[in-house]
Amino acid sequence: MQTKTPAQSKSKYAITCENLHFSYSFKSILQDVNLAIPHGAVVGLIGANGCGKSTLLRCLVGLQSPQQGQVHLFDVPALEMDDTVRERLGFVAQSADLFPWMTVEKHIKMIGQAYPKWRERRAIELALRLRLPMGREVSQLSGGDQQKLAVVLALAHQPDLIILDEPVSSLDPMTRRDFMRSLFQDARPFFSDSGDEVNDSEPEYAPTIIISSHLLSDLERVVSHVAFMRDGRIQLFEEWDAVLE
């Protein structure tokens, strides 16, 4: 696995993670984790349940502080992010963090007030595309639909970095397949800003994406890179085409 210096990361990498260690109650969760994720990569973080995937993702976005090592997002230390950097992130935890008494539609309208780049029409289109019932309260939604709503809320402000922690874990196999196809394989990608006019002078929107799963089959058709994790360590980080070869 490659380890890049901070000087190298400034132009090429959205995330760099160096010598990361994290322990909880004297149990080691992350051990010497190193990653350098290029801008625009779609990374599948693969590993068995309990191997440390969720802890790593939370460290990447500054929600947990490692005992050793450092993480940089867009060349900014993850633990020193300001609101300008946070607005560039879209993070979905394994358990959706939603308001149970609010409807799907009200979530979209309320969350949008916090983001200057929010596109309400786009968020509604994404929700309908995933067959979410707009007038139903979150407490009445299935676990899978709650996870879908969390994904919609994470994407509608067009973030530069999208991190999805087991986004299909609450879905049955057929729905998982449809969900991933909707995200990546349609003519108009789920992540594109399809509801707005295209400005030819602006670069194409191509966010960096990290998706964790314990099943490689969920991700193998959509990722550009894979990171295999075991017992708190990254065993391999490589381009998917190279892994296939």
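The structure presented is a predicted model; accordingly, all values stated were derived computationally and were not measured. Basis for what follows: all heavy atoms, side chains included, without hydrogens, waters or symmetry-related copies.
Leu79 and Phe74 fall into different hydrophobic clusters, where Ile, Leu, Val, Met, Phe, Trp and Tyr side chains are chained together by heavy-atom contacts under 4.5 Å. Met110 and Leu155 fall within the same hydrophobic cluster, defined by Ile, Leu, Val, Met, Phe, Trp and Tyr side-chain heavy atoms under 4.5 Å apart, directly or through other members. In the hydrophobic clustering of ILVMFWY residues, with side-chain heavy atoms under 4.5 Å counting as a link, Leu128 and Met102 come out together.
To the nearest 0.5 Å, atom CG of residue Leu153 and atom CG of residue Asp97 are 10.5 Å apart. Remark: Asp145 CG to Leu130 CG distance equals 9.0 Å, nearest 0.5 Å. Once rounded to the nearest 0.5 Å, the distance linking CZ of Phe228 with CG of Leu45 reads 10.0 Å. Between the CD atom of Glu238 and the CG atom of Leu244 there is a distance of 11.0 Å, given to the nearest 0.5 Å. With rounding to the nearest 0.5 angstrom, the CD1 atom of Ile124 is 15.5 Å from the CZ atom of Arg129. Residue Ile234 holds its CD1 atom at 8.0 Å from SG of Cys17, rounded to the nearest 0.5 Å.
Checked by atom type, the side-chain pair Glu137/Thr103 shows no donor-acceptor distance below 3.5 Å.
Using a 4.0 Å cut-off between charged side-chain N and carboxylate O, Lys109 and Glu120 make a salt bridge. Ion pairing between a basic and an acidic side chain is recognised when a charged N comes within 4.0 Å of a carboxylate O; Lys53 and Glu166 show such pairing.
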- Query: Between Val243 and Leu236, is a side-chain contact (heavy atoms from CB on, under 4.5 Å) present by the stated rule, with each step listed?
  - Reply: CA-CA 10 Å; Val243 173; Leu236 173 70; 4.3 Å; yes
- Message: Is there a side-chain contact (heavy atoms from CB on, under 4.5 Å) between Leu161 and Arg88? Walk through the geometry before answering.
- Response: CA-CA 6 Å; Leu161 173 61; Arg88 301 176 66 186; over 6 Å; no
- Could you walk me through whether His225 and Val42 pass side-chain contact (heavy atoms from CB on, under 4.5 Å), step by step? CA-CA 6 Å; His225 295 69; Val42 181; over 6 Å; no
- Give the intermediate values and the outcome of side-chain contact (heavy atoms from CB on, under 4.5 Å) for residues Ile210 and Phe91. CA-CA 10 Å; Ile210 304 176; Phe91 176 70; over 6 Å; no
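The backbone N or O of Asp231 sits less than 3.5 Å from a side-chain atom of Gln31, completing a donor-acceptor pair. Between the side chain of Arg119 and the main chain of Lys117, a donor-acceptor pair closer than 3.5 Å is present. Side-chain atoms of Arg86 come within 3.5 Å of backbone N or O of Met81 as a donor-acceptor pair. Looking only at distances, a side-chain donor or acceptor of His107 sits under 3.5 Å from a matching main-chain atom of Phe99. Ser213 places no side-chain N or O within 3.5 Å of a backbone atom of Ile46 that could act as its donor or acceptor partner. The closest donor-acceptor contact from the side chain of His39 to the backbone of Tyr13 lies under 3.5 Å. When atom types are taken as modelled, the side chain of Ser23 and the backbone of Phe26 share no donor-acceptor pair closer than 3.5 angstrom. Here the side chain of Gln147 pairs a donor or acceptor atom with the backbone of Ala93 at under 3.5 angstrom. Looking only at distances, a side-chain donor or acceptor of Asp82 sits under 3.5 Å from a matching main-chain atom of Val85. Put simply, the side chain of Asn34 gets close to the backbone of Asn19: a donor and an acceptor are under 3.5 Å apart.
When all heavy atoms of Gly232 and Val33 are compared, the closest pair comes out as O-CG2, 3.4 Å. Counting all heavy atoms, side chain and backbone alike, Gly52 lies closest to Leu30 at O-CD2, 3.6 Å. Residues Gly44 and Val223 approach most closely at N-CG1, 3.6 Å, considering heavy atoms. Across all non-hydrogen atoms, the minimal contact from Ala78 to Cys59 is CB-O, 4.0 Å. Across all their heavy atoms, Phe237 and Ala36 have their closest contact at CE2-O, 3.3 Å. When all heavy atoms of Gly69 and Leu20 are compared, the pair lying nearest together is C-CD1, 4.0 Å.
For the pair Asp160/Pro207, no side-chain contact is recorded, criterion being any heavy-atom separation below 4.5 Å from C-beta on. No side-chain heavy atom of Thr16 sits under 4.5 Å from any side-chain heavy atom of Val71. Counting heavy atoms from C-beta on, the side chains of Leu219 and Trp240 never come closer than 4.5 Å. Using a 4.5 Å heavy-atom cutoff, the side chains of Leu164 and Leu57 are not in contact. Looking only at side-chain heavy atoms (C-beta outward), Ile163 and Leu89 stay at 4.5 Å or farther from each other. Leu56 has its side chain out of reach of Phe22: every pair of non-hydrogen atoms, C-beta onward, lies at least 4.5 Å apart. Between Thr208 and Pro38 the shortest side-chain heavy-atom distance does not fall below 4.5 Å. Under the 4.5 Å side-chain criterion, counting only non-hydrogen atoms from C-beta, Leu35 is not in contact with Ile15.
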